[in-house]
Amino acid sequence: MPIYGATGYPPRHGGKRALSGVSLRRRSERSQGCRGAARMESRQPMTPKHLHCVLSTDRELSDEEILRYYAARWSIECFFRQAKDQLKLDGYRVRGRRAVKRYWILVQLAYVYSMFESNSDFSDGLDLLRKRKGHSLVEFIYRAAKQNIPIDTVKKQLHVA
């Protein structure tokens with residue numbers, strides 16, 4: 001992923017950099033996803049896999065200030081990525097303002113509940129809740145079989161008939 005060619009710097013325009021505040025940093029394997037903290041490390045090799053480019057149009061900011069702003073926003077970016085990928089935040093089919101607000105509230109509630117249940121992060125909580133749901137389904141089918149409940153009745157109760 002060479003961003004600006006071999007030099008790693010943005011193209012120059014009129015003797016000045018086209019963008020100021022451009023900072024190329026190496027990132028660790030742990031910081032690549034939303035599970036880990038956004039930590040920049042310099043121990044990794046400068047390969048395309050480890051490059052992380054942070055851009056800013058504010059020419060007055062130092063590299064450290066840009067990274068501080070980026071780190072402060074990282075948790076928000078993680079929430080939206082996980083909410084879209086795991087909770088289908090971007091997949092709603094409602095149009096009314098009130099309905100959209102309700103959907104957003106439900107997504108946020110599911111996100112917080114998942115974190116609360118695992119006492120950890122969202123992904124661990126969601127995995128835990130999905131496992132619980134699977135266990136509960138298996139237990140339901142097992143109890144129904146033990147009680148000789150007809151399979152058609154079980155299918156109706158599971159809404160698969």
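Note that the coordinates shown come from a computational prediction; the quantities given were computed from them, not determined experimentally.
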> What are the two closest heavy atoms between L61 and E65, and how far apart are they?
Replying inline: CA-OE1, 3.3 Å
> For F140, does the CZ atom sit with more than 12 other heavy atoms under 6.0 Å from it, leaving out its own atoms?
Replying inline: yes
>> Please report the interatomic distance CG(D152) to CD(Q157), rounded to the nearest 0.5 Å.
In response: 11.5 Å
> Minimum heavy-atom separation for L87 to Y103, with atom names?
Replying inline: O-OH, 3.7 Å
> Roughly how far, to the nearest 0.5 Å, is CG of L89 from CD of Q108?
Replying inline: 8.5 Å
>> Working to the nearest 0.5 angstrom, can you tell me the gap between L158 CG and T153 OG1?
In response: 11.0 Å
>> A side-chain contact here means heavy atoms from C-beta on lying under 4.5 Å apart; do D121 and D124 qualify?
In response: yes
>> Evaluate H135 against R130 for side chain to side chain contact (heavy atoms under 4.5 Å, CB included), listing each step before the verdict.
In response: CA-CA 9 Å; H135 287 279; R130 286 180 174 161; over 6 Å; no
> Residues in salt bridge (Lys or Arg N to Asp or Glu O under 4.0 Å) with R132, at least two apart?
Replying inline: E117
>> So which atom in I66 and which in S56 form the shortest heavy-atom distance, rounded to 0.1 Å?
In response: CD1-CB, 3.6 Å
> Between NZ of K88 and CD of Q86, what distance do you get to the nearest 0.5 Å?
Replying inline: 7.0 Å
> Looking at CE of M115 and CG of L126, how far apart are the two atoms once the value is rounded to the nearest 0.5 Å?
Replying inline: 12.0 Å
> Under the criterion ring-ring contact (aromatic ring centres under 6.0 Å, His included), which of F79, F80, Y113, Y111 is the partner of F122?
Replying inline: Y111
>> Can a donor-acceptor pair be found, under 3.5 Å and without considering hydrogens, that links the side chain of S114 to the backbone of A110?
In response: yes
> Do you reckon I151 sits in the same ILVMFWY cluster as I149, going by side-chain contacts under 4.5 Å, direct or chained?
Replying inline: no
>> So that I can tick it off, tell me whether E77 and R73 are bridged by a salt bridge, with the cut-off set at under 4.0 angstrom between side-chain N and carboxylate O.
In response: yes
> Are V107 and I76 connected in a single hydrophobic cluster, I mean Ile/Leu/Val/Met/Phe/Trp/Tyr linked by side-chain heavy atoms less than 4.5 Å apart?
Replying inline: yes
> What are the two closest non-hydrogen atoms of S118 and L128, and how far apart are they?
Replying inline: CA-CD2, 4.2 Å
